[in-house]
Protein chains: 2
Amino acid sequence: MSRWEPNALERLQRAAMELYRERGFDETTVAEIAARAGLTERTFFRYFADKREVLFAGAGPLHELLRDKVARAPDSTAPIDAVAAALEASSAVFEERRDFARQRHALIAAHPELQERELIKLASLAATLAEALRRRGVTDPAAILAGEAGIAVFRLAFESWVHDPKRRDFSRHVRESLGALKAVTAGKVTRPAAPSTSRARGASPAGRASGRRSSG
Amino acid sequence: MSRWEPNALERLQRAAMELYRERGFDETTVAEIAARAGLTERTFFRYFADKREVLFAGAGPLHELLRDKVARAPDSTAPIDAVAAALEASSAVFEERRDFARQRHALIAAHPELQERELIKLASLAATLAEALRRRGVTDPAAILAGEAGIAVFRLAFESWVHDPKRRDFSRHVRESLGALKAVTAGKVTRPAAPSTSRARGASPAGRASGRRSSG
DNA sequence: ATCTCTGATGTCAGTGACTGCACTCAGGTA
DNA sequence: TACCTGAGTGCAGTCACTGACATCAGAGAT
């Protein structure tokens with residue numbers, strides 16, 4: 001038997017998530033989180049750098065997974081496709097905890113200060129992807145841009161996955177978003193033709209959200 | 001004669017910039033900034049929501065410029081190119097204050113908490129671009145992705161512009177970065193051939209923009 | 001000339017995030 | 001037995017940020 005309950009870190013994360021959801025991020029104090037976890041404020045700050053970080057810790061395995069998948073892509077694979085394959089492979093990570101992911105996403109969406117943290121974490125993922133590509137010999141503007149593009153795809157895919165009433169797999173949303181990105185950057189997407197009966201939103205395989213030029 | 005010195009906001013911004021550069025962001029207190037501007041801490045917080053915001057206020061005109069340029073692009077222009085045209089048009093804004101932009105950029109690069117704020121401001125620019133595209137009739141996954149892609153281009157262009165020893169125009173860096181993005185998302189960039197004569201193939205118009213770093 | 005209203009600023013007294021430093025104490029090891 | 005270590009605690013302090021209220025020059029009204 002040890003002196004303290006085990007899993008202090010997980011207890012803190014759980015307590016924080018509960019309290020942020022119950023009464024809001026701003027209305028929750030760190031002391032309250034610590035108390036619910038059976039610890040003190042001082043201990044909270046030993047585990048997490050600040051009040052926001054408690055929602056973002058633990059991204060290490062995701063970084064490793066992406067690094068690994070990019071490294072293992074066939075030699076002939078283009079950078080953007082190696083990145084896409086890595087993102088698709090991360091599907092399992094999210095599918096496993098769909099509900100948690102949704103709750104966390106809603107929380108972040110409601111608080112700008114949490115969005116800031118989310119964005120810098122995503123930038124860090126982009127950097128991981130770029131670095132993995134460099135190890136494959138991809139040179140720099142391309143490596144950086146493939147990483148950034150991958151994260152743009154990831155964000156859009158995540159958003160539509162979270163809200164997908166059909167609960168289709170995350171990897172499917174990644175493929176659709178990538179298709180949409182390729183169409184957009186190829187200049188294949190334009191304004192709709194004059195009558196504009198377009199159905200907004202949604203996310204088809206995305207390729208043809210297009211007509212061909214013109215209209216008012 | 002008015003009761004107070006005019007331009008309180010500008011004085012605060014200038015004082016903050018000076019102090020952050022002189023002794024670092026963390027080592028500067030808001031009270032010190034206010035004092036240097038001849039005001040009190042309380043007044044600082046009337047002008048800026050927090051200690052970071054003083055470096056980011058005043059983005060309104062840039063948003064308006066981008067919105068306007070996207071709106072005015074010819075009907076036949078593809079979304080990604082309308083966005084690129086808007087970014088190129090913003091060149092003047094940066095060229096006018098090259099030194100200030102460099103100093104500010106160095107400051108942000110050295111402080112993660114400032115990067116967070118920078119990222120959310122860029123996300124807001126992406127949203128502005130996406131909204132301007134929607135007004136042109138572009139539907140949603142495409143509008144969002146064109147906005148995000150534009151910001152990825154913007155970031156890369158800004159970075160290489162700031163470090164460009166040849167001091168070429170910002171708009172030129174935008175064009176090069178856009179070319180690199182198009183090559184990457186078209187899958188035209190791959191690892192170098194076996195003998196590795198470096199220089200990734202197919203990065204056509206912009207492949208070798210900003211060659212800081214290369215491969216790994 | 002005085003009156004009043006307004007807007008920019010100041011004063012003051014908080015709250016709570018975060019930090020440095022010294023301390024406790026069960027369990028393992030020499 | 002004595003010592004060390006690792007996980008957590010206690011405490012005092014700094015500073016970002018806020019709400020409530022006070023001040024006071026100048027503009028316009030009377």
Side-chain angles (χ1 to χ4, degrees), chain A residues 1-20 22-58 107-108 110-118 120, chain B residues 1-58 107-108 110-118 120-121:
Chain A
M1 305 288 274
S2 57
R3 185 176 179 190
W4 296 281
E5 294 296 316
N7 306 322
L9 187 139
E10 284 78 8
R11 272 153 49 216
L12 286 166
Q13 286 180 315
R14 180 180 310 276
M17 185 76 172
E18 288 173 9
L19 285 165
Y20 291 167
E22 283 173 19
R23 74 178 71 155
F25 179 79
D26 295 328
E27 292 68 36
T28 301
T29 69
V30 171
E32 288 167 343
I33 296 168
R36 181 169 295 198
L39 295 165
T40 65
E41 190 180 4
R42 194 66 190 84
T43 302
F44 177 97
F45 286 110
R46 278 205 197 305
Y47 282 93
F48 306 104
D50 59 54
K51 191 183 168 186
R52 286 171 278 166
E53 192 63 18
V54 66
L55 288 175
F56 296 89
L107 200 50
I108 291 170
H111 297 280
E113 61 257 69
L114 295 176
Q115 286 167 45
E116 290 190 343
R117 183 57 51 85
E118 171 91 334
I120 205 167
Chain B
M1 305 287 277
S2 59
R3 185 176 179 189
W4 299 282
E5 294 296 317
N7 306 322
L9 186 139
E10 285 77 8
R11 271 153 51 216
L12 286 167
Q13 286 180 315
R14 179 180 311 275
M17 186 75 172
E18 287 173 8
L19 285 165
Y20 291 168
R21 282 175 24 97
E22 283 173 20
R23 75 179 70 156
F25 180 80
D26 294 328
E27 292 68 36
T28 301
T29 69
V30 171
E32 288 167 341
I33 296 168
R36 181 168 295 199
L39 295 165
T40 65
E41 191 181 3
R42 193 67 187 84
T43 301
F44 177 97
F45 286 110
R46 284 217 174 75
Y47 283 92
F48 306 104
D50 59 55
K51 191 184 169 185
R52 285 170 278 166
E53 192 64 17
V54 66
L55 288 175
F56 296 90
L107 201 50
I108 293 171
H111 297 279
E113 61 257 68
L114 294 175
Q115 287 167 44
E116 290 189 344
R117 182 58 50 84
E118 171 92 333
I120 205 167
K121 295 288 181 180

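Just the heavy atoms: all of them, side chains too, but no hydrogens, waters or symmetry mates, feed the values below. Throughout, protein chains are lettered first and strands after them, A, B, ... in sequence-line order, and every chain is numbered starting at 1.
As judged by a 4.0 angstrom heavy-atom cut-off over every strand, Thr43(A) is placed among the base-contacting residues. Residue-level contact check: Phe44(A) touches neither bases nor backbone, having no heavy atom under 4.0 Å from any strand. Among the protein residues, Tyr47(A) comes within range of the sugar-phosphate backbone only, with heavy atoms under 4.0 Å from sugar or phosphate atoms but none that close to a base.
For the pair Glu10(B) CD and dA8(C) P, the computed distance is 14 Å after rounding to whole Å. One can place CD of Glu53(B) at 12 Å from P of dT18(D), the figure rounded to the nearest angstrom. Per the geometry, CD belonging to Glu41(A) stands 13 Å off C1' belonging to dA12(D), to the nearest Å. Here the P atom of nucleotide dA16(D) and the OH atom of Tyr20(B) are 8 Å apart, to the nearest Å. Rounded to whole Å, the distance from NZ on Lys51(A) to C1' on dC17(D) is 13 Å. In this structure, Arg52(A) places its CZ atom 12 Å from C1' of dC18(C), rounding to the nearest Å. Per the geometry, CG belonging to Asn7(A) stands 19 Å off P belonging to dG6(D), to the nearest Å. Arg46(B) has its CZ atom 12 Å from the C1' atom of dT23(D), to the nearest Å.
In this structure, Ala8(B) and Leu39(B) approach most closely via the heavy-atom pair CB-CD1, 3.8 Å.
For the pair His111(A)/Tyr20(A), no side-chain contact is recorded, criterion being any heavy-atom separation below 4.5 Å from C-beta on. Considering only heavy atoms from C-beta on, Phe25(A) comes within 4.5 Å of Arg52(A) through its side chain.
Taking 4.0 Å as the cut-off between side-chain N and carboxylate O, Glu18(A) and Arg36(A) count as a salt-bridged pair.
For the atom pair OG1 (Thr43(B)) and CG (Leu9(B)), the distance works out to 12.0 Å, reported to the nearest 0.5 Å.
Nearest-nucleotide mapping onto DNA chain C: of Leu39(B) and Arg42(A), the residue sitting toward the 5' end is Leu39(B).
The nucleotide whose nearest atom lies closest to any side-chain atom of Phe45(B) is, among dT11(C), dA16(D), dG8(D), dA16(D).
Taking 4.0 angstrom as the limit, Thr40(A) places a side-chain polar atom (N or O) nearer than this to OP1 or OP2 of dT9(D).
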